[in-house]
Enquirer: 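Shown below is the structure under consideration.
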Amino acid sequence: KETMESALQRGPYLIRSRSQAVSREDYLDIVKESDRNIIQVSCLSHINPQGKRELGALTIAILPLNYNSTYSHFADIRQNVINRLKKACPSVIAFNNKLYVIEVMYLQISTNIELVIADYNDYQYVLNQTERNLNLFLDPVLGNYGGQGWKIGQFPNREKIYNFVKTTDKIKHISNINITAALLTSN
């Protein structure tokens with residue numbers, strides 16, 4: 001059953017586009033409406049799933065609701081999106097075998113932070129707070145400043161992590177930060 005809030009968000013799109021994909025925003029709206037298990041969507045024109053330029057390609061990258069789960073419903077989400085897009089977008093896109101619907105790629109970000117605390121007795125507190133806060137900050141949906149999440153394709157850099165970590169209580173200063181990222185083969 002659709003909530004009132006959901007209907008109010010969907011209504012203007014239906015009036016504007018008449019459920020047909022013309023603009024980038026139309027594609028994003030259609031994808032979001034095709035399955036309730038979608039948190040974020042990115043639409044890439046003339047880019048294939050490998051990130052290479054491909055004339056006529058349309059790649060839809062989706063962050064599913066269960067992004068941090070070991071069990072994925074992405075095959076169902078993907079099929080719902082493809083079925084909906086084939087009805088809404090021009091046939092030159094829908095049937096040219098260049099419509100790609102993919103799950104976002106996930107990065108595992110590791111940090112090594114050297115910091116100085118004023119009192120050694122605060123070591124465990126600072127360690128726990130820093131780890132907890134950093135894990136929340138790096139979360140794709142609940143992270144970033146103000147809990148606004150990270151957009152698809154956006155990720156934290158050294159400066160953002162530094163500025164975030166230095167707000168933790170009882171840290172005197174940060175000596176060094178090293179960040180490594182590895183592409184995960186599956187979520």
Enquirer: Test side chain to side chain contact (heavy atoms under 4.5 Å, CB included) on L99 and L85; report intermediate values, then the result.
Expert: CA-CA 9 Å; L99 173 62; L85 283 174; 4.1 Å; yes
Enquirer: Are S110 and I179 close enough, and set up right, to give a side chain to side chain contact (heavy atoms under 4.5 Å, CB included), and what steps lead you there?
Expert: CA-CA 6 Å; S110 299; I179 302 169; over 6 Å; no
Enquirer: Okay, side chain of N48, backbone of K52: is any donor-acceptor separation there less than 3.5 Å?
Expert: yes
Enquirer: For residues Y106 and V141: do they belong to one hydrophobic cluster (side chain heavy atoms under 4.5 Å, members Ile, Leu, Val, Met, Phe, Trp, Tyr)?
Expert: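 Yes, one cluster joins them.
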Enquirer: Taking C-beta and beyond as the side chain, do D119 and I117 meet within less than 4.5 Å on heavy atoms?
Expert: no
Enquirer: Between I30 and F74, is there a shared hydrophobic cluster once you connect ILVMFWY residues whose side-chain heavy atoms come closer than 4.5 Å?
Expert: yes
Enquirer: Roughly how far, to the nearest 0.5 Å, is the CZ atom of F155 from the CD1 atom of I161?
Expert: 10.5 Å
Enquirer: Does a sphere of radius 6.0 Å around CD in E159 hold more than 12 heavy atoms from other residues, nucleotides or ligands, not counting ones at 6.0 Å or beyond?
Expert: no
Enquirer: When hydrophobic residues are tied together by side-chain contacts of less than 4.5 Å, even through go-betweens, does L55 share a cluster with I47?
Expert: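 As far as the 4.5 Å side-chain criterion goes, I47 and L55 are not connected within one cluster.
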Enquirer: Rounded at 0.5 Å granularity, tell me how far OH in Y27 sits from OG in S45.
Expert: 8.0 Å
Enquirer: Verify ring-ring contact (aromatic ring centres under 6.0 Å, His included) between F137 and Y145, making sure each step is shown before the conclusion.
Expert: CA-CA 7 Å; F137 184 71; Y145 295 103; 5.2 Å; yes
Enquirer: Looking only at heavy atoms, what is the nearest atom pair of R84 and S34, with distance?
Expert: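 Of all heavy-atom pairs spanning R84 and S34, the closest is CB-CB, 3.7 Å.
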Enquirer: For N133, run the side-chain contact (heavy atoms from CB on, under 4.5 Å) check against T168, L138, D169, T167 and tell me which one passes.
Expert: T168
Enquirer: Specify the closest pair of heavy atoms between Q40 and K151, including all atoms of both residues, with the distance to one decimal.
Expert: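 The answer is OE1-CA, 3.4 Å.
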Enquirer: Out of I82, N80, V41, D26, which residue meets the side-chain contact (heavy atoms from CB on, under 4.5 Å) rule with V31?
Expert: V41
Enquirer: Kindly indicate whether the side chain of N66, heavy atoms from C-beta on, has any atom under 4.5 Å from the side chain of H73.
Expert: yes
Enquirer: Taking the side chain as every heavy atom from C-beta outward, state whether I62 and E103 have any pair of such atoms under 4.5 Å apart.
Expert: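 A side-chain contact is absent here, since even the closest heavy-atom pair is not under 4.5 Å.
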Enquirer: If we count only N and O atoms by modelled type, under 3.5 Å, do the side chains of N176 and Y162 hold a donor and an acceptor together?
Expert: no
Enquirer: Going only through I, L, V, M, F, W and Y residues with side-chain contacts under 4.5 Å, is there a path from L65 to I102?
Expert: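 Cluster IDs for L65 and I102 differ.
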Enquirer: More than 12 foreign heavy atoms under 6.0 Å from NZ of K172: is that the case here?
Expert: no
Enquirer: For the pair Y67 and N37, evaluate side-chain hydrogen bond (donor to acceptor under 3.5 Å, both in side chains) and give the outcome as yes or no after the intermediate values.
Expert: CA-CA 10 Å; Y67 66 94; N37 294 307; over 6 Å; no
Enquirer: Are I113 and L107 connected, step by step, through hydrophobic side chains (Ile, Leu, Val, Met, Phe, Trp, Tyr) whose heavy atoms are closer than 4.5 Å?
Expert: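 Both belong to a single hydrophobic cluster.
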Enquirer: Search all heavy atoms of F164 against all heavy atoms of L134 and return the closest pair with its distance.
Expert: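 Nearest heavy atoms, F164 then L134: CE2-N, 4.0 Å.
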Enquirer: Do you know the tightest heavy-atom contact between I152 and L63?
Expert: CD1-N, 4.2 Å
Enquirer: Quick one about Y100 and E54 (side-chain donor to acceptor, distance below 3.5 Å, no hydrogens or angles considered), yes or no?
Expert: yes
Enquirer: With a 4.5 Å cut-off on side-chain heavy atoms, are Q124 and L127 touching?
Expert: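 A side-chain contact exists here, since the closest heavy-atom pair is under 4.5 Å.
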Enquirer: Can you find a pair of side-chain heavy atoms, one from Q154 and one from N144, that are under 4.5 Å apart?
Expert: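 They are in contact (side-chain heavy atoms under 4.5 Å apart), so the answer is yes.
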Enquirer: With rounding to the nearest 0.5 Å, note down the distance linking CG in L58 to CG in L44.
Expert: 8.0 Å
Enquirer: Does the side chain of I38 reach to within under 4.5 Å of the side chain of P64, using non-hydrogen atoms?
Expert: no
Enquirer: Can you establish whether the number of heavy atoms outside Y125 located under 6.0 Å from its atom OH is more than 12?
Expert: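 Yes, enclosed.
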Enquirer: Provide the closest heavy-atom pair for W150 versus G143 in the form atom of the first, atom of the second, distance.
Expert: NE1-C, 4.0 Å
Enquirer: Is the shortest heavy-atom distance from the side chain of V165 to the side chain of I174 under 4.5 Å?
Expert: yes
Enquirer: For D35 and D76, which heavy atoms make the closest approach, and how far apart are they?
Expert: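 Looking at all heavy atoms of both residues, the closest pair is OD2-O, 4.4 Å.
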Enquirer: Taking atom types as modelled and ignoring hydrogens, do the side chains of E131 and N135 form a donor-acceptor contact shorter than 3.5 angstrom?
Expert: no
Enquirer: Any chance you could measure E33, atom CD, to D29, atom CG, to the nearest 0.5 Å?
Expert: 8.0 Å
Enquirer: S175 and L115: side chain to side chain contact (heavy atoms under 4.5 Å, CB included), yes or no, with the steps?
Expert: CA-CA 5 Å; S175 304; L115 48 89; over 6 Å; no
